[in-house]
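Everything on this sheet refers to the single structure shown next.
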Amino acid sequence: MALTLFRGLRSNCFRLYPSLYVARKHGVFYCSMTSAEGQTATQEKQQTQLKSSPRKESPKIEEVLKNYEAVIGIETHVQLATLTKAFCSCPYNYGAQPNTSICPICMGLPGALPVLNSKVIESAVKVGLALNCKLSLSSKFDRKQYFYPDLPKGYQISQFDIPIASDGYVDIDLPVEFGGGHRKFGITRVHMEEDAGKLLHTGNGNFSQEITILSYKIICSLLLVDLNRAGVPLLEIVSEPDMRTGVEAAEYAAELQRLVRYLGVSNGNMQEGSLRCDVNISVRPIGQLEFGTKVEIKNLNSFSSVGRAIDFEISRQVKLHSQGQADQIVQETRLWEEGAQKTVTMRKKEGLSDYRYFPEPDLPGVILSEEYINEIRESLPELPEMKRRRYEKLGLSMQDVLFLTNDINVAAFFDATIATGADVKLAANWIMGDIAAYMNNEKLSVNDIKLTPQELGELIASIKGGTISGKIGKEILLELMAKGGTVKGLIKEKDLVQAKMPSSRKVMVPKVKVKLPSILQMYLRLTTKRQIFRFGYVLKVGIGEVIPAFFQKIYLHSLNLAAN
């Protein structure tokens with residue numbers, strides 16, 4: 001393959017300069033020719049245009065969709081957290097040196113036969129059940145034929161007409177800042193497949209040469225292939241075209257990430273490629289039943305990118321519709337350019353006939369029993385949707401609920417805290433406030449801090465019981481998160497117990513009369529809110545180093561005594 005490409009390059013690009021020779025070592029050559037002077041002039045012209053033309057504000061997507069409706073579906077690839085690949089015993093470690101976790105099976109060498117990893121089936125069943133799908137008791141694998149340099153076999157082992165799970169749905173709650181509300185999106189199918197390899201473009205070191213001839217710059221670089229990822233097990237989750245906005249699509253993708261993390265089948269890290277989204281978008285006039293021409297967007301590596309890419313593509317398609325150029329919307333695959341904040345054409349979209357599916361002859365069918373499915377169903381943890389409904393019943397707001405359930409570890413920390421008897425709302429406030437701020441500043445997860453749920457419960461109880469003030473509680477909290485320890489130990493070590501006043505409450509009466517005689521007369525005419533204000537003033541001038549709640553109680557009692 002590499003030799004064929006190299007011959008093609010020599011017969012075209014290098015024909016202009018017969019004496020030019022670039023050594024080939026590994027991989028595949030590609031080359032480009034540009035005029036050095038022309039390139040420089042073009043770059044300067046582009047920079048001038050960028051400086052002189054201010055960026056225009058894009059119209060809001062609500063205004064764009066005034067007369068049109070977007071139809072959105074998402075294909076999500078989830079990389080499973082198995083110890084070995086789908087059909088061989090090679091491990092996969094993100095960031096490993098290229099081609100260090102490969103064997104004849106994942107390289108697709110002749111005579112190598114795949115053997116299915118049973119953990120892949122278990123993970124697929126878990127996800128299918130969590131997405132309320134119907135499971136196929138009998139399914140099979142198929143060969144999806146297509147050529148790409150990172151696909152060593154020339155086909156991908158996948159599932160075609162009989163996926164392991166289908167006809168499900170997922171429930172999500174939109175954030176309050178996006179209007180809130182509950183949504184249900186259909187799941188078309190969940191199927192198992194293997195991943196391809198990864199292409200590495202290099203343009204430095206021994207892998208490229210740059211030569212300038214007659215003011216033309218010729219850059220020849222190698223296209224390197226890393227097969228570490230080839231054969232890694234994936235689940236492809238295909239949604240129904242039920243979403244209508246970028247916000248809904250982004251929240252749907254985020255819910256899938258939460259779900260696979262709760263199940264423990266994947267880490268769901270988008271930056272590592274463990275969760276990848278391909279978005280399908282079409283636009284149609286409001287009232288039209290037929291779908292418009294579908295366009296796919298790849299290269300979305302964050303949920304915010306999902307939302308922005310969808311909004312851009314909707315605007316692009318609506319503009320073509322409104323200008324009478326709907327025929328220019330073609331079925332294709334586009335890429336999202338984060339820097340330019342736009343989509344660009346990548347390739348024309350293949351159809352099912354292009355893949356020439358047929359059953360995989362080297363793998364047996366996948367047969368599931370009801371007993372096996374029930375055993376997995378009983379092992380499922382409390383899922384995000386179930387947890388959100390339980391937290392709502394505890395009296396928490398939707399904003400609190402969404403924050404606490406977004407991370408399974410934060411939710412577990414919260415559950416363990418309230419299990420100590422801590423007040424539910426106070427526990428949520430401390431986790432969402434001071435604890436979240438500390439983790440954000442220190443770039444830590446809740447599992448990295450030294451604070452335990454038991455000590456947070458003890459801290460809340462100490463503040464609520466009057467042992468320490470909220471201000472001192474914050475100081476103790478920082479110490480616990482950074483260094484660990486116990487609340488009682490730190491209070492004793494630092495002598496932080498607040499004075500609870502002498503046993504005789506009448507001791508305060510002389511202080512009130514001597515320091516603030518006028519307040520006594522004013523107190524008799526004040527409302528409750530004004531009493532609190534006057535209490536704050538007394539505290540400010542320094543009558544007793546005591547906690548506010550206890551001081552207020554003693555102070556008002558003393559005023560009543562003094563009045564009598």
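- Of all non-hydrogen atoms in Ala70 and Ile314, the two that sit nearest each other are CB-CD1, 3.5 Å.
- Between the side chain of Arg261 and the main chain of Asp407, no donor-acceptor pair closer than 3.5 Å is present.
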* Walk me through it: do Asp400 and Lys425 pass the test salt bridge (charged side-chain N to carboxylate O under 4.0 Å, His left out)? => CA-CA 9 Å; Asp400 296 346; Lys425 183 58 179 175; 2.5 Å; yes
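- Within the 3.5 Å criterion, the main-chain N or O of Tyr169 finds a donor-acceptor partner in the side chain of Asn132.
- Side chains of Leu227 and Pro152 form a contact here, defined as non-hydrogen atoms less than 4.5 Å apart.
- For the residue pair Glu296 / Thr333, a side-chain donor-acceptor distance below 3.5 Å is found, with atom types taken as modelled.
- Below 30°, between 30° and 60°, or above 60°: for Phe160 and Tyr357 the angle between ring planes is below 30°, a parallel geometry.
- Note that the NE2 atom of His321 and the CD atom of Gln317 stand 6.5 Å from one another [nearest 0.5 Å].
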* To do: Go through Arg388 and Asp171 one step at a time and tell me if the salt bridge (charged side-chain N to carboxylate O under 4.0 Å, His left out) criterion holds.
  => CA-CA 11 Å; Arg388 289 196 294 268; Asp171 293 291; over 6 Å; no
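- Remark: Arg390 CZ to Lys393 NZ distance equals 10.5 Å, nearest 0.5 Å.
- Residues satisfying the salt bridge (Lys or Arg N to Asp or Glu O under 4.0 Å) test with Glu236, not counting sequence neighbours, are none.
- With sequence neighbours left out, the side-chain contact (heavy atoms from CB on, under 4.5 Å) criterion links Asp167 to Lys134.
- Between Asp226 and Asn99, the closest heavy-atom pair is OD1-N, 2.9 Å.
- Heavy-atom minimum distance, Asn267 versus Asn269: OD1-N, 3.0 Å.
- Without hydrogens or angle criteria, Glu194 side chain to Ile157 main chain gives a donor-acceptor distance under 3.5 Å.
- The backbone N or O of Ala436 lies less than 3.5 Å from no partner atom in the side chain of Asn440, so there is not a single donor-acceptor pair.
- Scanning all heavy atoms of the two residues, the minimum distance from Ala411 to Tyr262 falls at CB-OH, 3.9 Å.
- With sequence neighbours excluded, the residues forming a side-chain contact (heavy atoms from CB on, under 4.5 Å) with Tyr146 are Lys144, Tyr148, Leu151, Gln156, Tyr355, listed by chain and number.
- A donor atom on one side chain and an acceptor atom on the other are found under 3.5 Å apart for Thr188 and Glu240.
- Residues Tyr155 and Asp142 have side chains that never bring a donor and an acceptor to within less than 3.5 angstrom of each other.
- Among all heavy-atom pairs drawn from Ile72 and Gly246, the shortest one is CD1-N, 4.3 Å.
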